[in-house]
Amino acid sequence: MKWLESNLDLVWELVLAHIGLSVPPILIGFLVSIPIGWLANRYRPSRGVILVVLGLLYTVPSIPLFIFMPIFLGTPLLSPVNVVVALTIYAVALMVRTAADGLASVDDDTLLAASAMGYSGWQRFWRVELPLSGPVLLSGLRVVSASTVSLATLGVIIGVQSLGYLFTNGFQRNIPAEVITGIVATLVIAVVFDLLLVLVGRLLLPWSTPDRRRKASRRTTPALVAGGVS
């Protein structure tokens with residue numbers, strides 16, 4: 001506790017830097033994965049190739065990726081952009097399969113009904129496919145969030161500030177409190193991000209919460225019985 005009290009400013013600065021590295025890849029990865037997942041789901045023959053190739057990106061070792069990113073991007077070695085782009089690649093690799101599976105989970109009869117009602121392909125995607133696949137997309141985004149917050153600690157390897165600094169400096173100087181602070185702070189960020197995603201999900205996808213589903217079921221069942229459906 002004494003170490004933490006003496007270094008609160010440093011920890012807070014690193015927490016903000018860590019959040020700054022983590023948020024863009026989560027958002028960009030999600031936005032990029034949706035159209036790719038739609039293409040994979042729309043054109044089934046190419047689905048396997050797209051998902052396998054992008055999924056393999058997650059197997060690329062993080063440290064070499066971080067080190068070579070400045071060469072590929074032409075950015076300064078210490079630029080946070082290198083870490084953001086690398087983490088975005090991992091986010092897309094994780095999210096694209098979930099996006100494809102989520103869109104594929106929408107019932108075909110529902111899609112046919114939407115088309116019969118005169119929905120264009122664009123309208124059907126925004127008003128039917130995307131909302132109905134929302135719970136699956138949210139679950140995938142929560143995994144991406146936790147993974148990105150964890151991987152952002154590795155940015156310190158190429159000199160980009162993050163909570164990973166507390167790990168390396170704590171080990172080098174044999175300060176267990178510093179290492180523990182880094183671990184706890186990273187976990188707290190991951191939990192806060194997850195809670196925020198759950199909250200956003202409940203606000204945007206109210207039909208996906210268990211309580212709403214149970215209430216809807218209670219309302220629907222008597223109506224079906226009254227209508228003679230058993």
I'd like a table of donor-acceptor pairs (distance under 3.5 Å, sequence neighbours excluded) in which one partner is a side-chain atom from residues 99-107, with atom names and distances.
{"unit_1": "Asp101", "atom_1": "OD1", "unit_2": "Arg47", "atom_2": "NH2", "d": "2.5"}
{"unit_1": "Ser105", "atom_1": "OG", "unit_2": "Gly102", "atom_2": "O", "d": "2.5"}
{"unit_1": "Asp107", "atom_1": "OD2", "unit_2": "Asp109", "atom_2": "N", "d": "3.0"}
{"unit_1": "Asp107", "atom_1": "OD2", "unit_2": "Thr110", "atom_2": "N", "d": "3.4"}

Quiz item: With under 30° as parallel and over 60° as perpendicular, where do the rings of Trp122 and Phe125 fit, or are they tilted in between?
Solution: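 Correct class here is tilted.
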Quiz item: Mind checking what makes salt bridge (Lys or Arg N to Asp or Glu O under 4.0 Å) contact with Glu178, not counting sequence neighbours?
Solution: none
State, with a plain yes or no, whether a side-chain heavy atom of [X] is found less than 4.5 Å away from one of [Y].
{"X": "Thr186", "Y": "Ile189", "value": "no"}
{"X": "Val198", "Y": "Arg142", "value": "yes"}
{"X": "Thr181", "Y": "Phe167", "value": "no"}
{"X": "Phe193", "Y": "Ser22", "value": "yes"}
{"X": "Trp12", "Y": "Leu8", "value": "no"}
{"X": "Val15", "Y": "Val11", "value": "yes"}
{"X": "Leu21", "Y": "Pro80", "value": "yes"}
{"X": "Ser162", "Y": "Leu14", "value": "no"}

Does [Y] offer a backbone N or O that forms a donor-acceptor pair with the side chain of [X] under 3.5 Å?
{"X": "Gln172", "Y": "Asn169", "answer": "no"}
{"X": "Asn7", "Y": "Trp3", "answer": "yes"}
{"X": "Ser33", "Y": "Gly29", "answer": "yes"}
{"X": "Thr148", "Y": "Val144", "answer": "yes"}
{"X": "His18", "Y": "Leu163", "answer": "yes"}
{"X": "Ser6", "Y": "Lys2", "answer": "yes"}

Donor-acceptor list for residues 49-70 side chains, cut-off 3.5 Å, not counting sequence neighbours:
{"unit_1": "Tyr58", "atom_1": "OH", "unit_2": "Ser147", "atom_2": "OG", "d": "2.9"}
{"unit_1": "Thr59", "atom_1": "OG1", "unit_2": "Leu56", "atom_2": "O", "d": "2.5"}

Which atom names give the shortest non-hydrogen contact between [X] and [Y], and what distance separates them?
{"X": "Leu94", "Y": "Thr98", "result": "O-OG1, 3.8 Å"}
{"X": "Ala114", "Y": "Val128", "result": "CB-CG2, 3.8 Å"}
{"X": "Pro24", "Y": "Gly20", "result": "CD-O, 3.1 Å"}
{"X": "Ser139", "Y": "Val136", "result": "OG-O, 2.6 Å"}

Self-check item: Leu87 and its side-chain contact (heavy atoms from CB on, under 4.5 Å) partner, picked from Val85, Val83, Ile89
Solution: Val83
Self-check item: Result of checking Ile34, Leu27, Ile26 against Phe30 for side-chain contact (heavy atoms from CB on, under 4.5 Å)
Solution: Ile34
Quiz prompt | From CG (Leu10) to OH (Tyr165), nearest 0.5 Å | solution =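 Output value for this atom pair is 6.0 Å.
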